[in-house]
4 protein chains.
Amino acid sequence: MSALSTAELTAIYTDLHAHPELAFAEHRTAGIVAERLRGLGYDVHGGVGGTGVVGVLANGAGPRVLLRAEMDGLPVTERTGLPYASTDTAVTPDGHATGTMHACGHDVHVTCLLGAAAELADRRAEWSGTVVALFQPAEEVGGGARAMVDDGLFDRVGTPDVVLGQHVMPLPVGVVNLTPGTAMAATDSERITLHGKGGHGSSPEATVDPVLMAAATIQRLQGIVSREVGAGEKAVVTVGSVRAGTQANIIPDRAELLVNVRTFDAGVRERVLAAIHRIVAAEAAASGAPQQPDHESIATFRLMVNDPAASERTGAVLARTLERHRGTIEAAGGTPALIAMPPLPGSEDVGDLATAAGVPLVYWNLGGFDTALFAGFDLAAATGMGNLPDGVAPNHSPFFAPVPEPTLDLGVALLVAAAQEWLDAV
Amino acid sequence: MSALSTAELTAIYTDLHAHPELAFAEHRTAGIVAERLRGLGYDVHGGVGGTGVVGVLANGAGPRVLLRAEMDGLPVTERTGLPYASTDTAVTPDGHATGTMHACGHDVHVTCLLGAAAELADRRAEWSGTVVALFQPAEEVGGGARAMVDDGLFDRVGTPDVVLGQHVMPLPVGVVNLTPGTAMAATDSERITLHGKGGHGSSPEATVDPVLMAAATIQRLQGIVSREVGAGEKAVVTVGSVRAGTQANIIPDRAELLVNVRTFDAGVRERVLAAIHRIVAAEAAASGAPQQPDHESIATFRLMVNDPAASERTGAVLARTLERHRGTIEAAGGTPALIAMPPLPGSEDVGDLATAAGVPLVYWNLGGFDTALFAGFDLAAATGMGNLPDGVAPNHSPFFAPVPEPTLDLGVALLVAAAQEWLDAV
Amino acid sequence: MSALSTAELTAIYTDLHAHPELAFAEHRTAGIVAERLRGLGYDVHGGVGGTGVVGVLANGAGPRVLLRAEMDGLPVTERTGLPYASTDTAVTPDGHATGTMHACGHDVHVTCLLGAAAELADRRAEWSGTVVALFQPAEEVGGGARAMVDDGLFDRVGTPDVVLGQHVMPLPVGVVNLTPGTAMAATDSERITLHGKGGHGSSPEATVDPVLMAAATIQRLQGIVSREVGAGEKAVVTVGSVRAGTQANIIPDRAELLVNVRTFDAGVRERVLAAIHRIVAAEAAASGAPQQPDHESIATFRLMVNDPAASERTGAVLARTLERHRGTIEAAGGTPALIAMPPLPGSEDVGDLATAAGVPLVYWNLGGFDTALFAGFDLAAATGMGNLPDGVAPNHSPFFAPVPEPTLDLGVALLVAAAQEWLDAV
Amino acid sequence: MSALSTAELTAIYTDLHAHPELAFAEHRTAGIVAERLRGLGYDVHGGVGGTGVVGVLANGAGPRVLLRAEMDGLPVTERTGLPYASTDTAVTPDGHATGTMHACGHDVHVTCLLGAAAELADRRAEWSGTVVALFQPAEEVGGGARAMVDDGLFDRVGTPDVVLGQHVMPLPVGVVNLTPGTAMAATDSERITLHGKGGHGSSPEATVDPVLMAAATIQRLQGIVSREVGAGEKAVVTVGSVRAGTQANIIPDRAELLVNVRTFDAGVRERVLAAIHRIVAAEAAASGAPQQPDHESIATFRLMVNDPAASERTGAVLARTLERHRGTIEAAGGTPALIAMPPLPGSEDVGDLATAAGVPLVYWNLGGFDTALFAGFDLAAATGMGNLPDGVAPNHSPFFAPVPEPTLDLGVALLVAAAQEWLDAV
């Protein structure tokens, strides 16, 4: 019997959680994954698209079902105070030292997929077909799935018939969200470099101050969502980082902005990106900049669209699975529920796998938070991370803290059930 | 004969220029200085106030004259393209990797003072008294002079009768500025930490965005000089650095500003500092910040005041010295001139030495730039670094580039002449 | 035969269009309406809620159907260049001289309701019950419907069984929008007075500049929609007016903002209004204001909600009516269509009539624009006034210009058909 | 005996104060002046340059001395609460209704010059020459003096040998300021019209919001003085008025700014005006404005320069005159003092008279405020209106309130003494 116990799942999870690795640097994680998969009898392909790992379990004729998890952590310094909190650090590709944290739950995803891989191996008498357990790098920066595809993924492991996956999020344990159709936003991230003219802090009149240029640009960018996007449209423009200068008394010669855009419609996307370029150029002109700003695309995610028919089919089995675990869920203070929230402003590159394969995608959200935090919360009002009860830290927060149990067990059960739904029954 | 030739001065200068060291880390520079001073027969005191070095040449009864130079470079990545440009890097005390550069000419000051020390030793038959050649650390961050005083400077080397020094600046070779009375501004630098609430870039409504808070604060701070300081008053408020976040898609939980304030009057200083605190607090409130901002003082410079009588006495000998070098200056395309510019917005801690000793200070500015760049420039309109001809990069610019010759020779001659004016003639 | 010909409708319309009157000052319009209604045999009640007029045509037992139009124009200077463009002017209640314009189509509504009143009178043999043709004042400022109710409307003319009405908007002729459920936004408008300290333009340091305070406040208010409202929520915050000072060289002592807020959810409304108060107070503090700002509510509209069952019933007859006029519509280049757009960000007080009566409301939008302007426009993408083809001026624009024909005829036909649906057939 | 008693001066003053008239509309004031001058035996020229009045008293051979006062009030609603406060109103040339106020003391100037005209007539036995008492319109908008010159002033009344005048300001009674050389700033005022695209307040995405464009422009303009003008330079950029829209729920199609610039140097003036144009154009571009902004110059004042030699000569007699009135001044709690403040940021067109005539100008400031308000105030720190004790309202404030006595008597005495200094003594 190869399936993992709750204690084993928790041990894997807390180890992964304590040692997050940045995008395309998931070496330790990939090693753990590969070793586990081999131990389960999977045929293992490593180094796919950099640090990606794929385990293949061929078990007779039948459909090929791809289950996907991501491995990368974030450059966030953890502040949860958990006993297994990360104290690791890393240097970002652009040279900033940072703490690292699994602040988006990819440790949950890896653990659940390892558990599901084990259980599917264990139950191989029940099904016929091929399970492809895919662990991708670099979801956070938006290139990992594409990198695996470009590295010959489907030549190596075959083209699947469906792509399945799940993402833990701030919903109470026992709740699963599956949104048919457009489910997550398109994302565009840019690095914008503003050029000023440096000099001594005491003589601004001899300089072109990029700090003020950056400030005016950031304030002006707010007007895109507030004035150029209608109430019936949707967009988010976030400046996640601004960096200029190192000294109080030196006016630097440039400033860097990292800008992140979420849209749900191609026309709105074009309008918002054009407005950013227009404003950035104009604010440089307002400052008398010696040179126009530079724009560099650093990540692009397409809209994530769940196949409606495949979603209906998979949703039914997810609902039955939750119902089957009603006892566990109620013991954790929760209630089984399958909901369909409106499209989320977050983004995902899991769709790149399905699109490249030309097959349906079904991707759901796994509630993984302490049910007590959601006392009195109306699930019908859930809109993702924006409308959370007090005390619930959203994904990417330094306080992000899903509860391992029963989240991991449920996550394993849902993956296994969904996979079996798409495999042939024996 | 121990005096240094032009070639030797240039060699010292280009070596120092290529290897700048940050404040309180001037170990290599201090070593070179100490070795040179010992070679000239000076009694050398090292490690004064950290990395400070003092050479004392006692030569009979008479006045004790302190000549001062600073050794620290800046966290600026040099872009002059000079053959001896710095490619060194360092890590700032707060952990940022940076290029380093002598972007404020302290390499000129060290070289000239070494040259003057050599020449005064060479001419010791001409004078009687004691020469104190002081090389201080950490002028840029405002604590070096004070650190030497606090470390028992005057107990070790005696209390001087006068403090003399010079600073290279963007004036044409052959021009010296000496402003009697208030000559440079008071400076206050603060690190301001703004507290927001972090989260995912797609859900700003669950966060308090410190990037927007920082931008609004920076824009609002402009109103202090534009609206709260009168046309007949003077102040500069520079935000030299803003830093928040590392990722496009994560809203960080804090932002840091480094603010630098220059004033010329106690009342205006109080008013400006109060306005900064008022605005920073209010902008945090406008954002709904969970916590009030933190203010940390990182540098304070007092007004620099040249003693009027000592300035008149020293100015006369500086003017004669320039006249004596008319040939050299004209060969470089210049004209000897001693001018008295209005108070400069820059700051200096050299005054801390004179104040602690209770003796007069005379500190002048040495023109060290290519005269061709100043063709047609009206010296009567010179106001420091604000009103420069095109192509002249001011102090702290990554393009700052004084010409070594004849700047170094003139700088040596001026120091020697001023020192001899205050020593007894034999 | 009392029904109005196309030429008569057009004559009424162009006359009303040329002479718009501001809210609660619709004296000329009310006079025209009352005279027409009397001529048609209606029992006329004038001066209801100020300038409101109601015509009642009792025609046997049966339901009482209220048809509603609004009479007020806007303080906008017309720039359409139409032969019947308004050149009238008026003084607003707060003393500003302004041009006046029917920039929201209330002239269309009055004309169509007069036409419907005529046709229903003409056809009285076909139906049994009571028609209440209500012409209200002051829809634009949000108090007209409420003023009529408060003035004893239903005591005077009886309580209706249903409230029906229509609003012309930038959709092509032949298209009608009817949104069941929440159809229009809640609106809150405030006058905000910012207090500074006035003085001479040359000495800002002796003042607290309310112009800068207003500018910073306006910029900061953009952050509410861009940062504090999620992508899955909806809100609009518009500063429709800012006024401060009259002279270049005098710093005034106050500034006035008129702020307009649209929301579709009670929680979002509370959050947005609280954020406005927070920001306005904080920006006053940032300026060092001598006094906190004043807030005065100047208009409040509740959510407009169409009764779903009544909408379905009425929609069916509207669709049949459009189909019946297919020839006319196609002659104008259009195609008959009944659509259901998402909730509009505009607001209406027509719901106050239905709410006060405790009866269903059905309120639809009448396409009244040149079909050529909409060539290639995808009706499925229509979101109200935000997503318009080039050249289509929205409501409240100085260029707003519905085409009288066949808009007026269609508007009459739709009102008549809807009314007859709710009256008893004979 | 024709000289005016203190009671008569006060009566003239309080009457003028209660009835201020806007620039070029000083009809009542001009009538009073003309009637008084005629009664004193002056040859009166009315309607010079619009509403200007000049009285000429030829009294034998000798110099021609021009004494100048301005007659216009301001569009400010008085809030002093004085018994003789203005309650008058007027309509500005651009159509705004406004209260009117003598908030700059021109009523003091007119009264004092009428008093001096009377006393000089009374003392005509003491002097020989010609007195020209000139009452100009429209100083506040900067065109009155120029209009009189252009209307043939010197052809009508002869070219003077000197131009003398005075301006009341917030200094204690008994203090006079006379700054030789550059004494007041150059001023440029512009009306800037920003073009957006109007529409409904609920659909900003269909508009280009000029309110936000104006706000961003105003904030950006602060950066000129804070970043583009050095600490050793001087400039003031004031946006005295911003006006856009009339309704909360209509986005207007334009915004108007009135901008006022003060400079003391031609180069700084050019730099500041260019920066305003650069910023205004760029902010329009940042908004995606359909049309570039319009700039209209509405007032230009040149630097006001007192002739140094004439100032020395006149200053001596002013000082003696103050000393002669020591008793009166001390009785009012003051001390006689002639001071020389640094150049003031205010502007004046009196210099246009002297420049056109090609003769020296001497123009001084008359302290006219309650000495108790200045208890403990250091006159050496006086910088004009920026550095005032609490409770002293500066020129153009709605609370501006000089004390009539002994200000008026002293103002008369100073004008008479200065005039006699330049006339021939008999």
Flag side-chain contact, heavy atom, 4.5 Å: C:Pro398 against D:Asp253:
yes
What residue pairs, at least two apart or across chains, pass salt bridge (Lys or Arg N to Asp or Glu O under 4.0 Å) with a residue in residues 207-220 of chain C?
B:Arg227-C:Asp209, B:Glu283-C:Arg220, C:Arg220-C:Glu283
Using heavy-atom distances under 4.5 Å, tell me whether D:Ala97 contacts chain C through its side chain, its backbone, both, or neither.
neither
Side chains of D:Gln247 and C:Leu74 in contact at under 4.5 Å (non-hydrogen atoms):
yes
For the interface with chain C, which of D:Arg262, D:Glu140, D:Gln222 has the highest count of heavy-atom pairs at distances below 4.5 Å?
D:Arg262
At a 4.5 Å cut-off on heavy atoms, which part of C:Leu221 comes close to chain D: side chain, backbone, both, or neither?
neither
Is the shortest side-chain heavy-atom distance between C:Gln219 and D:Leu212 below 4.5 Å?
yes
Check: D:Arg243 and C:His96 side chains under 4.5 Å, non-hydrogen atoms
yes
Measure distances from D:Val211 to the heavy atoms of chain C and classify the residue's part below 4.5 Å as side chain, backbone, both or neither.
both
By a 4.5 Å heavy-atom criterion (distance strictly below it), what part of D:Arg191 contacts chain C: side chain, backbone, both, or neither?
neither
For D:Val76, which atoms come within 4.5 Å of any heavy atom of chain C: side chain, backbone, both, or neither?
side chain
Please determine, among D:Ala393, D:Gly198, D:Gly201, the option with the most heavy-atom pairs under 4.5 Å with chain C.
D:Gly201
If I measure from the heavy atoms of chain D, does C:Leu257 come under 4.5 Å with its side chain, its backbone, both, or neither?
neither
Check whether any side-chain N or O of C:Ser189 sits under 3.5 Å from a backbone N or O of D:Ala248 as a donor-acceptor pair, and report yes or no.
no
Given that the side chain runs from C-beta out, which part of D:Glu256 has a heavy atom under 4.5 Å from chain C: side chain, backbone, both or neither?
neither
Is chain D contacted by the side chain of C:Val239, its backbone, both, or neither, given a heavy-atom distance below 4.5 Å?
both
Name the region of C:Pro75, side chain, backbone, both or neither, that has any atom closer than 4.5 Å to a heavy atom of chain D.
both
I want to check something: taking the side chain as every heavy atom from C-beta on, are D:His200 and C:Thr238 in contact at a cut-off of under 4.5 Å?
no
What distance separates D:Ser202 OG from C:Asn260 CG, expressed to the nearest 0.5 Å?
7.5 Å
Between CG of D:Asn249 and SG of C:Cys104, what distance do you get to the nearest 0.5 Å?
8.5 Å
Return the option, out of D:Val237, D:Thr246, D:Val261, D:Ile251, with the maximum number of heavy-atom pairs under 4.5 Å with chain C.
D:Thr246
Find out whether D:Pro204 and C:Val236 are in side-chain contact, i.e. whether some heavy atom of one side chain is under 4.5 Å from a heavy atom of the other.
yes
Can you check whether D:Pro394 reaches C:Ser203 side chain to side chain, under 4.5 Å on heavy atoms?
no
D:Thr98 portion near chain C, given a 4.5 angstrom heavy-atom threshold:
neither
Ignoring hydrogens and angles, tell me if any N or O in the side chain of C:Ser241 forms a donor-acceptor pair with the backbone of D:Ala244 under 3.5 Å.
yes
Scored by heavy-atom pairs under 4.5 Å with chain C, the best of D:Ala103, D:Ala216, D:Ala299 is D:Ala216
Counting heavy atoms not belonging to D:Lys197, are there more than 12 under 6.0 Å from its NZ?
no
